[in-house]
Amino acid sequence: MKLMEFQGKDLFRRVGIPTPRGAFVRTADEAERFVAANPGSWVLKSQVLMGGRGKAGGIKFADSPAEARALATELIGEILKGVQNPEGERVESLLIEEKVAIASEAYVSITIDRATKKPAIMVTAQGGMDVEEVNERDPDAISKYWVDPAIGYSPFIGRRLAFAAKLPAGFHKAFPSILTGLYKLFMEYGANLVEINPLVLTKDGAVIASDAKVELDDNGLYKHPDLKEWNAQSTSDPDQMAAVAIGLGMSNYAKLDGDIGVIANGAGLGMGTMDAIRNAGGSAANFLDIGGGAQAKLVKDSYKLVTDDPKVKALFINIFGGITRGDQVARGIVEALSGNDLRKVPLVIRLTGTNEKEGRAILAEAGMNPVETMDEGAKMAVEMART
Amino acid sequence: MKLMEFQGKDLFRRVGIPTPRGAFVRTADEAERFVAANPGSWVLKSQVLMGGRGKAGGIKFADSPAEARALATELIGEILKGVQNPEGERVESLLIEEKVAIASEAYVSITIDRATKKPAIMVTAQGGMDVEEVNERDPDAISKYWVDPAIGYSPFIGRRLAFAAKLPAGFHKAFPSILTGLYKLFMEYGANLVEINPLVLTKDGAVIASDAKVELDDNGLYKHPDLKEWNAQSTSDPDQMAAVAIGLGMSNYAKLDGDIGVIANGAGLGMGTMDAIRNAGGSAANFLDIGGGAQAKLVKDSYKLVTDDPKVKALFINIFGGITRGDQVARGIVEALSGNDLRKVPLVIRLTGTNEKEGRAILAEAGMNPVETMDEGAKMAVEMART
Amino acid sequence: MSIYLDKNSKVIVQGITGREGLFHTQRMLAYGTNIVGGVTPGKGGTTVEGGTTVEGGVPVFNTVKDAVDATGATHTILFVPPQFAADALYEAYDAKIGLAVAVTEGIPAHDMLKIVATTPGMRIVGPNCPGLVSPGRALVGIMPGHVFAPGRVGMISRSGTLTYEIVDGLTKAGLGQSTCVGIGGDPIIGMTFVDCLRSFASDPETDALVVCGEIGGSDEEDAAAFIREHLPGKPIVAFIGGRSAPKGKRLGHAGAIISGNVGTPESKLAAFAAAGVQVADRPSQIPGLLKERMAAAAV
Amino acid sequence: MSIYLDKNSKVIVQGITGREGLFHTQRMLAYGTNIVGGVTPGKGGTTVEGGTTVEGGVPVFNTVKDAVDATGATHTILFVPPQFAADALYEAYDAKIGLAVAVTEGIPAHDMLKIVATTPGMRIVGPNCPGLVSPGRALVGIMPGHVFAPGRVGMISRSGTLTYEIVDGLTKAGLGQSTCVGIGGDPIIGMTFVDCLRSFASDPETDALVVCGEIGGSDEEDAAAFIREHLPGKPIVAFIGGRSAPKGKRLGHAGAIISGNVGTPESKLAAFAAAGVQVADRPSQIPGLLKERMAAAAV
């Protein structure tokens with residue numbers, strides 16, 4: 001689950017990381033009232049998940065209630081587009097924050113390093129810009145530390161990184177304890193990534209997290225029922241929501257450009273199935289991974305989800321059973337097709353592995369004959385879609 | 001810091017360990033009002049630190065407001081005496097708790113095992129009695145587990161102990177999670193000991209901590225400013241309070257029966273000094289360990305504390321400097337004796353080790369001549385106390 | 001010889017009386033796996049029907065320690081929900097189990113971070129993996145046993161179902177397997193490609209290898225580096241899943257920098273090429289490519 | 001030879017610019033200890049006056065890693081308040097320091113529990129200890145160096161000041177020391193009696209030993225068991241502090257059961273007697289008793 005800035009900063013405050021004064025608003029009215037009650041210079045920041053919202057025009061400055069109202073009216077409801085999200089993201093809310101006088105900007109993040117199986121901390125004094133750019137231009141400017149998970153974070157790590165990355169002296173006192181909080185957040189909330197960019201040293205000597213990027217591991221969310229509400233809001237992607245609605249993970253369903261629906265068990269086999277379709281001269285309309293151990297009900301729901309896409313002219317169900325049992329899949333397919341509630345499309349089934357015999361028997365009884373191999377099934381699906 | 005039952009149960013609730021319904025009261029009025037507002041059968045439990053308060057008459061049962069008033073009047077202000085505290089402890093408050101219908105009683109504790117350097121968990125199905133008695137009578141009835149501090153507690157430990165100690169089946173479901181809470185308390189609050197005796201299985205199937213014994217490591221208390229108030233109340237021993245008042249640890253000062261005051265640096269040397277005094281035919285009136293690195297001010301305060309005891313006829317200051325510097329000690333002694341505010345008693349000083357030369361010079365200037373050895377000093381102090 | 005698992009490995013099943021646990025216990029027994037016991041708290045003393053393999057059924061114990069004390073078990077497989085998986089792995093470690101297979105999908109990455117850091121000496125296969133099989137000897141996992149055949153090809157794979165697909169092809173082409181290890185596709189796993197390659201390297205009965213990777217992470221790059229240094233000339237074919245996948249969500253920037261900008265299909269192809277390992281474009285090519293390499297190496 | 005510490009040991013001081021750190025650095029330098037650097041965050045690049053030993057003063061670094069990288073330090077001594085001690089020890093461990101002396105009093109027992117469990121390979125002396133000295137070679141601690149003399153008696157002690165008292169007696173009796181280790185009196189310490197005994201056992205230049213224990217805990221009992229098994233016939237004299245102490249607060253019941261009802265003076269006396277180790281009644285007896293044992297063993 002990716003968090004919006006205002007949610008990330010909520011977590012920051014829970015672990016003692018200083019954030020700018022401000023307010024979260026959903027309407028221009030609220031924006032105007034806040035600035036009226038708190039005269040001064042304010043920043044209006046669009047709350048979106050995309051990167052590069054500044055360049056996309058999602059950040060404005062207001063010095064008066066009227067200005068705040070006008071800019072908020074402009075921002076809320078706008079569709080921001082960036083390099084990485086050409087389809088755009090709609091602004092639903094704003095974070096209004098005090099404009100701080102910046103003396104210096106740093107960057108700090110903690111992520112999971114798959115290779116070393118450790119949390120990895122990165123710090124650079126070149127904050128406020130894209131860290132990948134910094135890495136390409138000047139990799140030595142980035143200091144890294146891999147934390148031993150059995151020991152955890154200790155403040156010397158923050159001290160060492162602050163010195164190694166040559167952060168200005170004004171950061172030194174606050175930095176190890178800000179990193180203490182950031183590591184605590186990373187661990188307690190099971191984050192894949194926590195990032196402060198920029199971490200600002202203000203002209204009056206305070207160190208404040210000016211932005212917040214937090215991505216939590218969906219698998220660990222059950223430990224945080226308090227974040228349930230955020231989780232419900234965290235995607236506006238209808239494909240992801242549809243997958244979650246039938247009990248799958250967010251990334252188990254994706255729409256593509258072709259005309260053949262794909263249901264497979266396992267991401268690896270699913271990818272392989274798409275490769276096979278392409279090799280046979282066709283193109284997938286979508287891809288649904290029913291995961292391991294799917295029951296008949298899930299197979300039926302998956303069938304519905306995939307065939308609901310009007311682009312789909314044929315469907316290829318490719319199952320190699322391990323924890324998934326052929327009989328359960330077969331039963332689901334038969335159920336899906338038995339009523340008149342679901343759209344019928346030309347269907348190719350490939351069913352092998354665990355309980356293959358039982359599954360084939362069930363399909364045979366319903367008059368269906370599965371194919372033997374993935375390549376064969378792909379070829380047949382491509383032909384069916386053409387006719 | 002030893003906690004009273006009501007404080008221990010406060011912590012229990014913070015970590016999710018179920019405790020009986022009830023109220024904490026300081027007066028008979030409050031006791032009467034509580035039972036009037038909550039009709040039923042109640043237990044009045046004297047809040048004291050001593051063991052064996054039940055045998056000492058500190059626990060009573062009340063079925064009516066009037067009875068509660070009468071019994072509370074009797075208990076509050078009473079001095080309870082037990083085998084281990086012949087001098088007695090005054091009851092200042094009561095915990096009023098519902099009388100639960102007991103189906104079975106178990107015992108569980110976590111303590112620090114010095115030898116293995118691990119937290120050790122002990123469980124027995126023979127709850128509600130002195131665990132040392134159980135250990136003597138039937139050691140196999142006690143199941144133990146040593147937790148790896150790098151891993152921490154995991155619920156399988158609770159399951160294993162519940163099976164190994166043959167707890168009745170009614171405990172099994174709740175036990176691992178109660179132990180989760182108990183371990184959390186042990187770790188988060190830096191406890192030397194957490195103990196539930198008895199952990200009660202009620203006739204209606206609930207598992208509740210009926211008593212609470214918690215002892216926190218004084219060295220870790222700085223991490224818990226929220227417990228500061230309890231810490232201030234946690235001793236009524238005037239010797240301990242006097243030591244804390246001048247900045248020493250609670251156990252750095254103890255009154256004894258003899259007539260020679262003892263100030264030494266380090267517990268080991270202090271014990272050795274008392275041995276030496278006994279070997280010379282005398283007896284210590286008290287014992288003050290000024291610890292390591294004492295400054296002149298502390299030496300002066302210590303002199304005052306020791307000589308404030310009217311039993312003291314002579315004082316032996318025995319310093320073997322390591323981190324403690326001879327010059328600082330000498331300066332403290334000279335300061336203590338320079339004014340007219342402190343009682344003068346015959347004084348023997350032994351001063352060697354770090355900055356010995358500087359210290360001796362300061363003392364010489366003030367007309368004092370330290371002795372060479374501990375045995376010599378002890379002998380001289382005994383003679384001085386006799387005259 | 002096989003690696004990690006053979007006919008004598010004593011295996012227990014944690015969560016043996018659950019739906020999946022029961023189902024796969026029967027299948028593993030039917031395959032010939034030496035399942036000596038199972039664990040379900042509160043069901044100690046009962047038995048689980050053992051098909052034709054175990055007389056009187058498989059004994060169930062309350063704790064892993066009881067099971068190990070009674071049976072001398074060395075291997076375990078876990079059929080437990082993700083929120084109880086860490087506890088189950090620690091229970092196995094505590095009872096001195098040597099190899100644990102974690103089939104479970106959805107274990108929090110942070111749980112795995114801590115587990116792999118604090119269970120030195122225990123091999124963890126997975127999580128989110130199909131387990132491992134030494135064909136003809138024993139199967140500890142959820143794999144469909146009938147696709148495997150005994151032989152001299154070792155296989156390591158991050159993907160479950162793709163493994164079956166590939167092995168099916170190998171078997172039909174007459175290429176039996178020594179051991180197949182499904183190491184799992186999660187971000188943090190126990191045994192890696194390199195761990196398995198090291199073991200295969202010292203197995204005299206494994207002549208050739210198939211390495212089935214995926215985009216993301218740096219395991220394939222590490223494997224290629226290991227092969228380059230320790231297994232030059234060994235007949236090895238690799239496959240990389242997800243090469244034609246829509247770009248979708250990519251790794252966070254920070255993660256990419258930490259791992260040194262690897263994880264892309266291009267990076268993995270380049271690494272294998274540098275190690276002299278041929279990469280198949282589709283699973284069905286693998287048997288043919290492997291036979292060529294084996295013929296060239298004259299094994 | 002000495003154990004743990006000699007003239008070549010490269011020592012750094014964590015907290016070198018603090019009051020105690022500065023004071024004891026001067027004293028250690030004066031003793032001849034090879035202090036190659038110190039650490040105080042923010043004071044990197046400065047120096048601390050090194051008396052006559054170090055030309056240009058002792059260099060100060062911002063981090064232990066910087067100090068180790070620049071000097072090759074192997075030993076450290078910490079002069080930091082208790083709430084920062086865990087961090088300082090982890091910093092030393094992380095920088096691959098081999099031996100760390102923690103003088104600090106008042107470190108929470110739970111901090112030490114975690115530290116000793118997670119710093120394998122680093123020797124920790126203390127906490128709440130006076131450090132160690134190999135007389136005539138080097139001193140890393142807060143001990144008054146002038147009471148020690150080079151020689152062939154090894155000493156291990158839980159008490160600081162009592163150590164000085166005893167060593168003073170040994171030196172005046174002509175019994176110099178190979179190495180004296182003050183292991184500290186806290187409930188959870190790094191190196192124990194047994195750890196030190198094991199090292200002394202393989203030191204050809206240590207002929208005899210003094211073991212200075214205290215009531216409480218089971219370290220003395222463990223030491224006695226080790227001596228019984230591995231050092232029979234070695235001239236060893238023990239002392240147990242606190243035998244005449246008022247009973248005061250005793251160990252909790254639970255603690256006493258876990259440790260097997262040891263910790264009393266009686267238990268310790270019995271253990272040493274069973275190991276053939278003579279226990280002195282007062283410090284001043286130790287030199288005489290040790291000479292008798294050494295004469296009997298003809299060393």
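Below, read A as the first sequence line, B as the second, and so on, with proteins coming before strands; counting in each chain starts at 1.
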* When you look at NZ of A/Lys379, are more than 12 heavy atoms from neighbouring residues, nucleotides or ligands closer to it than 6.0 Å? -> no
Could you tell me which portion of [X] (side chain, backbone, both or neither) has an atom closer than 4.5 angstrom to a non-hydrogen atom of chain C?
X        : answer
A/Asp217 : side chain
A/Phe186 : both
A/Asn355 : both

How long is the gap from [atom1] on [X] to [atom2] on [Y], to the nearest 0.5 Å?
X        : Y        : atom1 : atom2 : answer
C/Ile166 : A/Phe320 : CD1   : CZ    : 10.5 Å
C/Ile115 : A/Lys117 : CD1   : NZ    : 12.0 Å
A/Thr324 : C/Ile142 : OG1   : CD1   : 7.5 Å
C/Asp186 : A/Asn219 : CG    : CG    : 7.0 Å

* Among C/Arg158, C/Met112, C/Arg19, residue most engaged with chain A (heavy-atom pairs, under 4.5 Å) -> C/Arg19
* When only pairs under 4.5 Å are counted, which of C/Asp168, C/Asp219, C/Thr192 shares the most heavy-atom pairs with chain A? -> C/Asp168
* **Candidate pair A/Met271 and C/Leu162, rule side-chain contact (heavy atoms from CB on, under 4.5 Å), full reasoning** => CA-CA 9 Å; A/Met271 306 287 181; C/Leu162 210 46; 6.0 Å; no
* Examine the side chains of A/Thr354 and C/Arg27 and answer whether a donor and an acceptor come within less than 3.5 Å of each other. => yes
* Asked: Does A/Ala150 offer a backbone N or O that forms a donor-acceptor pair with the side chain of C/Thr118 under 3.5 Å?
  -> no
* Would a distance-only check, ignoring hydrogens and angles, find a side-chain to backbone donor-acceptor pair under 3.5 Å from C/His110 to A/Gly220? -> no
Which atoms of [X] are under 4.5 Å from chain A, going by heavy atoms: the side chain, the backbone, both sets, or neither?
X        : value
C/Pro130 : neither
C/Val103 : side chain
C/Thr161 : both

* **Trace of the side-chain hydrogen bond (donor to acceptor under 3.5 Å, both in side chains) decision for C/Ser284 with A/Asp375** => CA-CA 8 Å; C/Ser284 52; A/Asp375 290 349; 3.1 Å; yes
So, do [X] and [Y] sit near enough that their side-chain heavy atoms are less than 4.5 Å apart?
X        : Y        : result
A/Glu356 : C/Pro144 : no
C/Pro82  : A/Tyr222 : no
C/Leu113 : A/Ile112 : yes
C/Arg282 : A/Asp275 : no

* Do the charged groups of C/Glu165 and A/Arg350 touch, with an N to O distance under 4.0 Å? -> yes
* Asked: Most heavy-atom pairs under 4.5 angstrom with chain C, which of A/Met187, A/Arg325, A/Lys118, A/Met374?
  -> A/Arg325
* Structure fact -> Interface check, chain C: of A/Gly266, A/Pro119, A/Pro139, A/Gly190, most non-hydrogen pairs under 4.5 Å belong to A/Gly190
* Can you list every salt bridge (charged side-chain N to carboxylate O under 4.0 Å, His left out) pair that touches residues 103-113 of chain C, not counting sequence neighbours? -> A/Lys223-C/Asp111
